[in-house]
Undergrad: 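I have a structure I would like to understand better, so I am pasting it below and will then ask my questions one at a time.
Chain A is the first sequence line, chain B the second, and so forth, proteins listed ahead of strands; every chain is numbered from 1.
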Amino acid sequence: MSFYVTTPIYYVNAQPHLGHAYTSIAADVLARHHRRRGDDTFFLTGTDEHGEPVADAARAQGLEPRAWADLNAEKFKALLPAIGVAPDFFIRTTDAEHKRRVQEVLQRVYDNGHVYKGLYEGWYCPRCADFKTESEILDGNRCPIHEIELTREQEENWFFRLSAFQGRLEQLFESQPDFVAPARARHEAQAFIAQGLQDVSLSRAKLRWGVEVPWDEGHVFYVWFDALLNYYTALGYARAGEDLTARYWPPSVHLVGKEILKFHTLYWPAMLWAAGLELPRQVFVHGFLQGSDGRKMSKSLGNGLDPFAVLERYGADALRFYLLRDVSFGGDGNVGMDAVASRYEAELANEYGNLVSRTLAMLVRYRDGRIPEAPVDPVLESELASLAAEVAAAIDGVDPSGGLELIWQRVRRLNRYVEERKPWELARDQDASTSLDSVLVTLHRGLQVVTTELGPYMPDTSARVLQALAAIPLEVIPPLFPKTP
RNA sequence: GCCGGAGUAGCUCAGUCGGUUAGAGCAGGGGAAUCAUAAUCCCAAGGUCGGGGGUUCGAGUCCCUCCUCCGGCACCA
């Protein structure tokens, strides 16, 4: 079975921040999980580099758009290894191969009769040489940048016949309710359709920084059509000399933030139909990370969480754990450094890290680091045996937070088990040797099970602990999650 | 304004189809234990389920209304 997961491609104008890290980490956890269970897995991320804001920013820096994009794309690329994220390919929409394929697909959309020439009318700023959207203009129809009055102008544009897909989209949401998840995201998409869809412009005549429209060279494609197609084009050239399209298309799941729901749940399926391509199986819409005060993170409020500060203090595994543990994936959540510290100390250091420490210490002290020959305690056997399947079901359903909770129930269970069986008392009693063997084997086995399941979430930690548990003789290792880092 | 979502313990959240005494973690309180990173475990306490009204034998759950917050509102990405 193949599994193809994507993140949105990140717009190069922004600096990499927590939101980018969040989606990338979630996608990475899904990818690692599926890969481990044997699915033929492909994980795509990348950068979106066209459109007017990029051209503007480049100009402001005195750079060519491409040079500016190169600079910023590097920052996004560099973020990934720092947070333990390992995609199979990093696409840039300025890749020549991407552009060629965008033209190919959209030419097909054109040939299939879904495109027509129309008039785009809007508010135009002569100083910006650009149209402004209704939402950004100031009172009195003034430019948000120059504060001068805008003029009503028209431009000849190519339009995509989105309205023609209204019925098909309605049908899609009814017949395939999990196309958009969670349910509240689907409701939002359906409400949007119910309002009635209008055609959208597919090209821009006044802009140069984009993919040229092959049937009309004076135009470039509107950046969203270029950007969405990355999910398709990447498969064509991610591996030199190999086309992966047949192997991975259609995508299993697109992870997206809720601010881009409309593009992924309405425009995207319509465009794929228009091009005669298969639809992704699911668009999963996750929530927003908000500041610890429950408000949107912003520099002026000073309520943001800096991923780089977390990395520096606690490391990549702790950041990955924290984000998926403290915020139920799919909903919004509040995050902050205090909460990171609290999860780190209470759960990673005290509960899990200390469980590793005490288990290894007892095996070393009581059995010279040898794992005794004894059966796993039947009290815990079934609980441990069922964990892998339960976690798999959770992650398959794009609920990584749920999977983590299931793992943590076992971590707590194992600490409780230690207290119940009191191995230090058994060790003082000559007649209890068999019981002690069984307790130690059970703890060793339990740790192996939970640590294996933690693999997709905390790859480094998981690998280190599994190695320590396999060493002969076993040795005490330094604290995995030291306090007061 | 319109559309969608949220409001449950001091904090973060779960709560299925309307059904017994509304659950968990953290923080705070009390205790046990000494294998361990002073880490763990147990116990008790903690609630006007945002306000008001309605339906029902019965409402955190369904309906109406009001308040607060978040996102979107069509071509900024």
Undergrad: Regarding A:Phe160, tell me which of base, sugar-phosphate or nothing describes its non-hydrogen contacts under 4.0 Å with the strands shown.
TA: nothing
Undergrad: On the nucleotide B:A77, are OP1 or OP2 found under 4.0 Å from the side-chain N or O atoms that A:Tyr222 carries?
TA: yes
Undergrad: Within the structure shown, what part of the strands sits under 4.0 Å from A:Gly402 by heavy-atom distance: base, sugar-phosphate, or nothing?
TA: nothing
Undergrad: What integer distance in Å separates A:Leu261:CG from B:G72:P?
TA: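 For the pair A:Leu261 CG and B:G72 P, the rounded distance is 11 Å.
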Undergrad: Give me the ring orientation class for A:His20 and A:Tyr10: parallel if the planes are under 30° apart, tilted from 30 to 60°, perpendicular past 60°.
TA: perpendicular
Undergrad: Atom CD of A:Glu345 to atom P of B:U12: distance rounded to whole Å?
TA: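 In whole Å, B:U12 P lies 20 Å from A:Glu345 CD.
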Undergrad: Whole angstroms only, please: what is the CG-P distance between A:Leu197 and B:C75?
TA: 14 Å
Undergrad: Rounded off to whole Å, could you give me the CZ-to-C1' distance for the A:Arg365 and B:U34 pair?
TA: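 Atom-to-atom, A:Arg365 to B:U34, this comes out as 9 Å.
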Undergrad: Specify the residue among A:Glu419 and A:Val200 whose closest nucleotide of RNA chain B lies further upstream toward the 5′ end.
TA: A:Glu419
Undergrad: N/O contacts under 3.5 Å, protein versus nucleotides 4-11 of chain B?
TA:
none

Undergrad: Does A:Lys262 have a side-chain nitrogen or oxygen under 4.0 Å from the phosphate oxygens OP1 or OP2 of B:C73?
TA: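 For B:C73, OP1/OP2 do have a side-chain N/O of A:Lys262 under 4.0 Å.
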Undergrad: Flag the pair A:Phe165 / A:His114 as yes when their ring centroid distance falls below 6.0 Å, and as no otherwise.
TA: yes
Undergrad: Please write out each protein N/O paired with an N/O of nucleotides 23-27 of chain B under 3.5 Å, distance rounded to 0.1 Å.
TA:
none

Undergrad: Given B:A77, B:U40, B:C75, which nucleotide is nearest the side-chain atoms of A:Asn350?
TA: B:U40
Undergrad: What's the closest nucleotide to the side chain of A:Lys483 if the choices are B:A39, B:A74, B:C42?
TA: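 The listed nucleotide nearest to A:Lys483's side chain is B:A39.
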Undergrad: I'd like the C1' distance from B:A9 over to B:C26, given in whole Å.
TA: 12 Å
Undergrad: Classify the nucleic acid contact of A:Arg421 as base, sugar-phosphate or nothing, counting any heavy atom under 4.0 Å across all strands shown.
TA: nothing
Undergrad: For A:Trp224, report the nucleic acid contact type (base, sugar-phosphate, nothing); a contact means any heavy atom under 4.0 Å.
TA: base
Undergrad: For a quick check of understanding: with a heavy-atom distance under 4.0 Å over all strands, which category does A:Asp48 fall into, base, sugar-phosphate or nothing?
TA: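 Sugar-phosphate contact only - A:Asp48 comes under 4.0 Å of backbone atoms but never of a base.
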Undergrad: Would you classify A:Leu266 as touching base, sugar-phosphate or nothing, given that sugar-phosphate means primed atoms plus P, OP1 and OP2, and contacts are heavy atoms under 4.0 Å?
TA: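 The answer is nothing, as A:Leu266 stays clear of every strand by at least 4.0 Å.
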Undergrad: Would you mind reading off the distance between A:Trp408 atom CH2 and B:U12 atom P, rounded to a whole angstrom?
TA: 22 Å
Undergrad: Counting only Watson-Crick pairs (N1-N3 plus N6-O4 or O6-N4) and G-U wobbles (N1-O2, O6-N3), all under 3.5 Å, who is the partner of B:A22?
TA: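 Pair assignment: B:A22 / none.
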Undergrad: Whole angstroms only, please: what is the CD-P distance between A:Glu425 and B:U40?
TA: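 Atom-to-atom, A:Glu425 to B:U40, this comes out as 20 Å.
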Undergrad: Among residues 431-440 of chain A, which residues get a heavy atom nearer than 4.0 Å to RNA chain B?
TA: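 When residues 431-440 of chain A is checked for heavy atoms under 4.0 Å from RNA chain B, there are no hits whatsoever.
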Undergrad: Which whole-number value in Å describes the distance from A:Trp424 CH2 to B:U40 P?
TA: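 So the two atoms are 13 Å apart, to the nearest Å.
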Undergrad: For a quick check of understanding: with a heavy-atom distance under 4.0 Å over all strands, which category does A:Pro53 fall into, base, sugar-phosphate or nothing?
TA: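 Sugar-phosphate only.
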